[in-house]
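These values consider heavy atoms only, across backbone and side chains, with no hydrogens, waters or symmetry-generated copies. Bear in mind that the values here come from a model prediction, so they are computed numbers and not experimental data.
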There are 2 protein chains.
Amino acid sequence: MARKAVDQELTKEKILETARDLFVLEGYQHVTMRQIAKLLGYSHGSLYYHFRNKGELFYSLVSKDFGLLNETLDDVLNKDIDTEAKVKGILLGYIEFGIRHPNHYRIMFLMQDDDLHSDFQQEPNLTYEKFASALHTLCGNKVTPMIIWSLFLSLHGFVVHYCGHPEQTYEDVKGMAESHVSFLMKGMQ
Amino acid sequence: MARKAVDQELTKEKILETARDLFVLEGYQHVTMRQIAKLLGYSHGSLYYHFRNKGELFYSLVSKDFGLLNETLDDVLNKDIDTEAKVKGILLGYIEFGIRHPNHYRIMFLMQDDDLHSDFQQEPNLTYEKFASALHTLCGNKVTPMIIWSLFLSLHGFVVHYCGHPEQTYEDVKGMAESHVSFLMKGMQ
DNA sequence: TCATTAATTGACCAATGGTCAGTAAAAAAT
DNA sequence: ATTTTTTACTGACCATTGGTCAATTAATGA
């Protein structure tokens, strides 16, 4: 009733793998440590051997997955298309990512539970840096930092809204996302 | 140890008055029913005589206060200024309201705790209707429903972001709000 | 073979939202 | 004036939660 055989030892990876589905499905607040542990076949205490607390567990997950957004933005930049298409691709790519990962997005950008918020300040900032420098590179001085900030907040608004209605898939809202991006690009001139 | 003298009876109003300060200060999650009751000098059970649960209590508060936003929009419409100034006033008024009532705004538009979310679907919709019809009245067919929706989401993004940083007052971000509104109005043409 | 370390358990803690039988004041009915 | 009924409130109680920690046992190293 204590340590298990080495080939069935718990690892951070195993925990994250199980926890990911739960968090994606139900959101941070509704997943309990006991729930995760039960699904793994361990006691909930064991989770605290691998992660300091619930926040850190979730942070590990999201932080890892969030690299994807940066990659997405890079991919667009490296595509062989004209500048305007790249700008559009970045704006749309941002929205697509947010809507495909609503729970992650929510935590990254708008949760403020104390135990979590303390952990990541960096990731959202890094993501924004990436976003801003990409647009700056593409558009030069035509767009001011304030315009980039407005663009970001406007995309953010779109994503946040549809994060609250996760029954709608990205495919469902793709048309609206494109309209929104068109609208925003008009303001860039 | 049961009912108190009639002149010191608990009322919904007394509860809301006390709860308002707490909620505004600390946000929904961090306020406990026991905390509210203690401040009032009653047992926490008594709160459940007046409100079905924590969600309903909070809902009463926010729902009441939220009429203010609609009034704000009406006030702008009735001002003796030209159309463009009115449009600007509405967009800016929306932002100002959100940032001056960050906890209310958060609950209305982006919380999705089950006990709450079930209660109010109407208020956010009503507010949006107000917003949309105001813009439609002012701008006629120049602005499509989709543009109005984009405008709304873009304002929403601004508010949501600064709701997460309540250490900044509206005065602090006023300049940025105005830039943001200017940016959005460019997209309306 | 024995001491040390690593991994796991599960009883335990304090806090939470919520329920409810009991109680006493107030109001209504007699 | 007395009894009945209704109303407002209490506080013990419940299940659930995130989290802690001494005890336990497998693995590892000397």
Enquirer: Output the rounded distance in Å from CG (D7(B)) to P (dA8(D)).
Expert: 15 Å
Enquirer: To the nearest Å, give me how far apart CD (Q29(B)) and P (dA15(C)) are.
Expert: 18 Å
Enquirer: May I have the distance from L10(B) (atom CG) to dA26(C) (atom P), rounded to whole angstrom?
Expert: 15 Å
Enquirer: Take the protein atom NZ of K12(A) and the nucleotide atom C1' of dA7(C), then report the distance between them rounded to whole Å.
Expert: 14 Å
Enquirer: Please evaluate residues I95(B) and V173(B) with respect to the criterion side chain to side chain contact (heavy atoms under 4.5 Å, CB included), reporting the C-alpha separation (whole Å), side-chain torsions for both, the decisive distance (0.1 Å), and the verdict.
Expert: CA-CA 10 Å; I95(B) 291 181; V173(B) 303; 5.7 Å; no
Enquirer: Can you check the K4(A) NZ to dT24(D) C1' distance for me, whole Å?
Expert: 14 Å
Enquirer: Atom CD of E9(B) to atom P of dC9(D): distance rounded to whole Å?
Expert: 5 Å
Enquirer: Donor-acceptor pairs under 3.5 angstrom involving side-chain atoms of residues 132-142 of chain B: please list them, not counting sequence neighbours.
Expert:
from: S133(B); atom 1: OG; to: E129(B); atom 2: O; distance (Å): 3.4
from: S133(B); atom 1: OG; to: K130(B); atom 2: O; distance (Å): 3.4
from: T137(B); atom 1: OG1; to: S133(B); atom 2: O; distance (Å): 2.7

Enquirer: Before we go on, tell me: are the rings of F152(B) and Y94(B) under 6.0 Å apart, centre to centre?
Expert: yes
Enquirer: Within this structure, what is the CD-to-C1' distance between Q8(B) and dA24(C), rounded to whole angstrom?
Expert: 14 Å
Enquirer: K174(A) vs E171(A), test: side chain to side chain contact (heavy atoms under 4.5 Å, CB included). Steps then yes/no.
Expert: CA-CA 5 Å; K174(A) 195 176 174 187; E171(A) 280 68 31; 5.6 Å; no
Enquirer: What integer distance in Å separates K54(B):NZ from dT16(D):C1'?
Expert: 15 Å
Enquirer: Could you identify which residues of residues 33-51 of chain B place a heavy atom less than 4.0 Å from some atom of DNA chain C, listed by residue number, or say none?
Expert: M33(B), R34(B), H44(B), Y48(B)
